[in-house]
Number of protein chains: 2
Amino acid sequence: MTPTTNARPTIIDVAARAGVSKSLVSLVMRGERTVSDEKRALVLAAAAELGYRPNAVARSLVRRRTNLFGVILSDLHNPFFAEVIDGVQEAAGAEGYRTIISTVNLSPAAEQRALDTLLELRVDGLILASPMFGVQSIAAASRELPMVLVARRSDVPRVDSVTNDDPTGARLVMEHLANLGHRRIAHIDGGRGAGAAERREGYERSMAERGLAEFVHVVPGSYTEEGGRHGVEALLAAGGPRPTAIFVANDLAALGALAVLAERGIRVPQDVSIVGYDNTSLAALRHINLTTVDQPRPDMGREAVALLLERLAGRREAARHVLVTPTLVVRGTTAPPNEG
Amino acid sequence: MTPTTNARPTIIDVAARAGVSKSLVSLVMRGERTVSDEKRALVLAAAAELGYRPNAVARSLVRRRTNLFGVILSDLHNPFFAEVIDGVQEAAGAEGYRTIISTVNLSPAAEQRALDTLLELRVDGLILASPMFGVQSIAAASRELPMVLVARRSDVPRVDSVTNDDPTGARLVMEHLANLGHRRIAHIDGGRGAGAAERREGYERSMAERGLAEFVHVVPGSYTEEGGRHGVEALLAAGGPRPTAIFVANDLAALGALAVLAERGIRVPQDVSIVGYDNTSLAALRHINLTTVDQPRPDMGREAVALLLERLAGRREAARHVLVTPTLVVRGTTAPPNEG
DNA sequence: GTGAAAGCGCTAACAT
DNA sequence: ATGTTAGCGCTTTCAC
């Protein structure tokens, strides 16, 4: 009745109250079925009266595992990660693991600190959804615990990865545009962003395969709104006939592209079609309604957890690299070219 | 050299290697200055050679504190929270606290589970940025540790809160619109969203103060894109002269409003001005460029941490409710009314 | 300045 | 089915 006492009840208090040993309390708390109904009820009652709550810290110490997975995100603001986390938490929770998320705002120093902290916390596995880590940091950490990279891969020996199949994604985009009748298709590159090179190569290969090599037009950009704006400006400044369709490296950059086009009075999709990549929640906004490529982000999170669990079960030594398949989401920014 | 051995080095291994007692190692690892330079170097060298990393679990057990703050978020997808977290992590980190984030996707059951887990983990303080928790859950948890609510308040005795001053925010919006010359100003309500009632009341009060009571027009909505769409549809279906400006309860709903207006060929801001609330990153996108009210989200996160630290220092018993001041961000969706 | 010893709250043999 | 015992890896008196 007096919750003001600072010391929380321990397993010993419960044992005393129930008149049993603390091992018995432990068994009951962990749901072991080898306890008689009578004693179990006794223990449960005592625990409830005392407001007992098991101490995960003590348990982790003796069990030498925390049932915690660490997740390091470069950037919480990118809606991409929020959905990966959804999948991670769901899959982890189902196996009795909790998730502890660290965000590092694109700062390498903060990344290293976050990594060290998680290792001191003795998380049982690590998910890195952050493109900046140096290979040596990854290699060092991989010696201490199971690790998986999301949306990036590396060839560090025991480090798994789950990435989306960017070449396929790019091919889906190109197929869609070509089927609509586009030939003069440009690409705004994603710079150093994860998967950007694959998307660009997919674009170039598709153009070649369709006999459109002469129309290949790649301008530099990045995975940011600004990157998309500059890309479109470069395209418009390039002279020659305007492309009838633009494949932009990701959604955020596609938004930048849309902004510039709107400012210039160039209508989408009547005058030019736009396709993004990622299908972030932005793309689905009615006011934006962007045709884009969906990466199954929750699936990617779930896969990452599955890889961790495999390793924890000791079922595997070699690195595994899971490739998830993207799909095209057709919305309102693509249409047949307006042959003027 | 053989990192394959499963057992990580402990403080005892380091002590043995350095030829000192484990207490000494402990002193060195914690940066105590009472150690001779000679021994310190010895210990540090031994630790480095072994790849020793302090075990936070063991430390937490004996110190009876984890230096961890828990954060429960209803929804990671809402960009509002991402920035609150930034402030939280910054302020907490500066005081040696780490943050562990749990997301609960708007599910009350998941909320309770997340809460229980964090309590078992023995976090030293809890930040709730989640509007759904029942008062009794909050009250129960508040007996076990310091707690602060973000973007919501409650009158549970020892529970602090940090919220934005919604009445002031609403007043800023109304002042802006009135100064532009608007009189026929409508409001799309935020339903049960946190702060929605205050925003609506602020709207109504401002209208009355300006002698615009006859033009008060509130339609139901919610903090979602759909809520904004329905709101505008209701407004347009209402008959009578169309409002020249609409104050929408939050940014996401404002986006819904913009979408419907665009579909109907109603130009913003020429035909109607739109104002949102929150200044989420969406609003700043060039393609959207929404006039809105900024809540200083990182500040709110920092304040939340400050409140927790105050309580941990035992400096306060009574609840404190911090109100942060919003500011108006004028962008491209507002202009003087087009008197036709 | 350094070491020895006790104990944080729990689990996991091992007994019984 | 239940109790006893010995730690988990660290911090913290308290001696020296």
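Chain letters run A, B, ... following the sequence lines, proteins first, then strands; residues in each count from 1. For clarity, every value in this text was computed on a predicted model and none was experimentally measured.
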Taking atom [atom2] of [N] as reference, at what distance in whole Å does atom [atom1] of [X] sit?
X: L121(A); N: dG9(D); atom1: CG; atom2: P; answer: 16 Å
X: D13(A); N: dC8(C); atom1: CG; atom2: P; answer: 11 Å
X: R65(B); N: dG9(C); atom1: CZ; atom2: P; answer: 16 Å

Indicate whether OP1 or OP2 belonging to dT2(D) is found under 4.0 Å from a side-chain N or O atom of T34(A).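 Answer is no, no contact under 4.0 Å.
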Any heavy-atom pair between the side chains of I72(A) and F133(A) that's under 4.5 Å?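 Yes, close enough: below the 4.5 Å cut-off.
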Within a strict 4.5 Å, meaning less than it, do heavy atoms of the V156(B) and V135(B) side chains meet?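 In short, these two side chains touch, coming nearer than 4.5 Å.
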Looking across every strand, which nucleic acid part, if any, lies under 4.0 Å from V57(A) by heavy atom: base, sugar-phosphate, or nothing?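 Contact class for V57(A): none.
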Scan L61(B) against the nucleic acid and name what it touches under 4.0 Å (heavy atoms): base, sugar-phosphate only, or nothing.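 Result for L61(B) = base.
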Heavy-atom nearest nucleotide on DNA chain C for R64(B) versus K39(B): which residue maps closer to 5'?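 The residue closer to the strand's 5' end, by nearest nucleotide, is K39(B).
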B/S/- contact track for nucleotides 10-16 of chain C, protein heavy atom under 4.0 Å: BBB----
Where [X] and [Y] come nearest, the two heavy atoms and their spacing:
X: R59(A); Y: P54(A); answer: NH2-CB, 3.4 Å
X: V305(B); Y: F69(B); answer: CG1-CE1, 4.1 Å
X: R53(A); Y: R122(B); answer: O-NH2, 2.8 Å

State whether the number of non-hydrogen atoms from other residues, nucleotides or ligands found under 6.0 Å of R192(B) atom CZ is greater than 12.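 Check fails, neighbour count at 12 or below.
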